[in-house]
Protein chains: 2
Amino acid sequence: MQKNVEKISIFSSLSPEYIRKMENITQVTKYSPGKVIFMENDPGTGFYGILEGRIKIYKSSPLGKEHILHIFGPGEVFAEAAVFAGRDFPASATALEESVLVFFPRDSFRALLGENPDLSLTLLGLMSMRLRQMVGKVEELSLKEVPARLAAHLLLLGDNSGKDEFQLDINKSQLASLLGTIPETLSRVIRRMKDEELISIKGNRVKLLDIQSLDELARGVFRL
Amino acid sequence: MQKNVEKISIFSSLSPEYIRKMENITQVTKYSPGKVIFMENDPGTGFYGILEGRIKIYKSSPLGKEHILHIFGPGEVFAEAAVFAGRDFPASATALEESVLVFFPRDSFRALLGENPDLSLTLLGLMSMRLRQMVGKVEELSLKEVPARLAAHLLLLGDNSGKDEFQLDINKSQLASLLGTIPETLSRVIRRMKDEELISIKGNRVKLLDIQSLDELARGVFRL
DNA sequence: CGCCCGTTTGACAATGCTCAATGTTCGTGG
DNA sequence: CCACGAACATTGAGCATTGTCAAACGGGCG
């Protein structure tokens, strides 16, 4: 199977021979949708890069509830913190689609990392961004209510796509889990946002009608 | 003023001459209680180490609510992610006590970092732990209720002190903010935990009476 | 002694969750 | 091509947890 480590963005600027060395230590695996890649508390023996597909990272509670922390796509890596913390995975990972992953074993990766100080810096940058995102998540959960979180999320999607009309790339149950709520609540909030003509939505096709108000809603300036 | 960079734990194992170089780029400042060190959205021009005192890192909402993310003490560093993300600070920092901080300017620090690849690894380890902590916080906020969060926090304090009796080192308003709630709610939850004889509390002196139940409560197995 | 801050308590409101029922969509197979 | 089922989505009713507002309390310090 093709390894194509250079498709992983944190490695894209590395020299060809270094990339080849990387490829020597990795192992490529396919995962079908719904397949669990690792579970919370599994020993963190390495990290993964995504060649194809999408992966959700989530925490689940004893009572079966689950909160999606992040969804990663092609070119991204995940669980990299396990390499340096030397601890168990703090969350679980499952494939959302047919996915192809490269696995980097912890020890061989660390050995190779020693040869390339620049890569350490790249990783430090990556982890800084991760930390920032998590801080943002904490802020949203504790300081904002569901409508604000949804507004923020939609605005982000709009920004990423560059348009004010786009498709949700996950179903609404998962979106609820990503926003730290449940499908029923999400459904009702969407309803209200439609009624207030902030957005229009049909299936997974969303259109932002009133960016201004959405923005104020996201910042907590006003309430639905 | 004494710089004593070796008192900062991530630097403690560095060679004396390297430490001296560090000290050349740093600058030491005193902060009185309540003094703001930086605010969210300030440009992240470097990071801080704590020689003396304690610092709270927090997010605040437009409406004046605040959520404490972390409280750091002597030997710890904070805001280190700003060095690598090259972005603004995602949260604010304020001194809780009379504090003495060493400031490491971003650019000179990065230059020095290049000379010492091991330090990069140490930092990667540190940031991995930070990330893990934040993931834990997200889990608690979205998957657990206030009694569970309080129980978990008290058990942690008990663990850290090694005893089942200890003092809260912050007042209850701040504890509430750290747990992602408000003083009124915290007060009521403490009340219930006393009534159920899980803990006893007098002023800031806490005693854990029923570790077993506290643990189940923290894990969400049962409810108050 | 009296003030101030932090804490506690009470009454109330609201946000979001639970449970249950009904709708919708879409793919499969008759 | 239509019918059926499964998964997802929506809606309603009721309730639990937590936040809001207001008042009273308490302890420490000038």
Side-chain angles (χ1 to χ4, degrees), chain A residues 33-34 56 60-68 94 96-97 140-151 153 167-196 199-206 217 220 222-224, chain B residues 33-34 56 60-68 96-97 140-151 167-196 199-206 217 220 222-224:
Chain A
K56 70 171 174 185
S60 40
S61 81
L63 309 167
K65 291 202 280 190
E66 120 180 3
H67 183 139
I68 299 180
T94 295
L96 289 175
E97 313 167 351
E140 301 219 318
L141 286 172
S142 70
L143 265 26
K144 295 182 180 165
E145 10 194 88
V146 177
R149 289 181 238 158
L150 175 59
H153 189 78
Q167 305 217 116
L168 295 176
D169 53 359
I170 50 178
N171 67 34
K172 294 194 181 119
S173 300
Q174 312 216 87
L175 178 56
S177 169
L178 190 57
L179 295 176
T181 185
I182 56 173
E184 291 94 322
T185 299
L186 177 62
S187 183
R188 287 182 240 267
V189 171
I190 288 179
R191 187 76 158 69
R192 275 193 284 158
M193 284 176 63
K194 281 200 292 201
D195 290 350
E196 303 290 329
I199 61 173
S200 74
I201 214 173
K202 195 170 186 181
N204 58 5
R205 178 136 235 109
V206 183
L217 187 56
F222 91 99
R223 311 183 134 194
L224 249 199
Chain B
K56 70 169 174 186
S60 39
S61 81
L63 308 168
K65 292 202 279 190
E66 123 180 0
H67 184 139
I68 299 179
L96 289 175
E97 313 167 351
E140 301 219 316
L141 288 171
S142 70
L143 263 27
K144 295 182 180 165
E145 11 192 86
V146 177
R149 289 181 237 158
L150 175 59
Q167 305 217 119
L168 295 175
D169 54 358
I170 52 179
N171 68 32
K172 294 194 181 116
S173 300
Q174 309 217 88
L175 179 56
S177 168
L178 191 59
L179 295 177
T181 184
I182 56 173
E184 291 93 324
T185 299
L186 177 62
S187 182
R188 287 184 241 266
V189 171
I190 288 178
R191 188 78 158 69
R192 275 193 285 158
M193 285 176 63
K194 281 199 293 199
D195 290 351
E196 302 292 326
I199 61 173
S200 75
I201 217 174
K202 193 171 188 182
N204 58 5
R205 179 137 232 108
V206 183
L217 186 58
F222 92 100
R223 312 183 132 193
L224 248 201

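Worth knowing before you read on, the calculation uses all heavy atoms, side chains too, and leaves out hydrogens, waters and symmetry mates. Each chain gets a letter, A, B and so on, in the order the sequences are listed, and its residues count up from 1.
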To the nearest Å, how far apart are B:Leu63 CG and D:dG19 C1'?
13 Å

Between B:Lys172 (side chain only) and B:Asn204 (backbone N and O only), is there a donor and an acceptor less than 3.5 Å apart?
no

Could you state the atom-to-atom distance from CG of A:Leu150 to C1' of D:dA9 in whole Å?
15 Å

Criterion side-chain contact (heavy atoms from CB on, under 4.5 Å) on A:Met193 and A:Ile190, from CA distance to verdict:
CA-CA 5 Å; A:Met193 284 176 63; A:Ile190 288 179; 5.7 Å; no

Between atom NZ in A:Lys172 and atom P in D:dA7, what is the gap in whole Å?
19 Å

Whole angstroms only, please: what is the CG-P distance between A:Asp195 and D:dT10?
13 Å

Sidechain-backbone polar pair: A:Ser177 side chain, A:Ile68 backbone, donor-acceptor under 3.5 Å
yes

Correct closest heavy-atom pair for A:Leu179 and A:Leu150 would be CD1-CD1, 3.8 Å

Check whether any side-chain heavy atom of B:Lys56 lies under 4.5 Å from a side-chain heavy atom of B:Ile170, and answer yes or no.
no

Rounded to whole Å, CG of B:Asn204 lies from C1' of D:dG27 at a distance of 13 Å

Before you tell me yes or no, could you show the steps for A:Glu145 and A:Arg223 under side-chain contact (heavy atoms from CB on, under 4.5 Å), namely the whole-Å CA-CA distance, both residues' side-chain angles and the distance that decides it to 0.1 Å?
CA-CA 9 Å; A:Glu145 10 194 88; A:Arg223 311 183 134 194; 3.1 Å; yes

Using the 3.5 Å cut-off, write out each protein N or O paired with an N or O of nucleotides 26-28 of chain C and the distance between them.
none

Could you tell me how far apart A:Ile201 (CD1) and D:dT10 (P) are, to the nearest whole angstrom?
7 Å

Using whole Å, what does the distance between atom P of nucleotide C:dG6 and atom CZ of B:Arg191 come to?
22 Å

Calculate the interatomic distance between B:Leu141 atom CG and D:dT17 atom P; express it in whole Å.
18 Å

Sub-4.5 Å side-chain heavy-atom contact between B:Val206 and B:Gln167
no

Heavy atoms from C-beta onward define the side chain here; which of C:dT8, C:dG6, D:dC8 lies closest to that of A:Asn171?
D:dC8

For B:Leu141 and B:His67: C-alpha separation, side-chain torsions, deciding distance, then whether side-chain contact (heavy atoms from CB on, under 4.5 Å) applies.
CA-CA 11 Å; B:Leu141 288 171; B:His67 184 139; 3.9 Å; yes

So if I define the base as every atom that isn't primed, P, OP1 or OP2, how would nucleotides 13-18 of chain C read as a B/S/- string at a heavy-atom cutoff under 4.0 Å?
--SSBB

Taking CZ in B:Arg191 as the centre, count heavy atoms belonging to other residues, nucleotides or ligands within less than 6.0 Å. Is the count above 12?
no

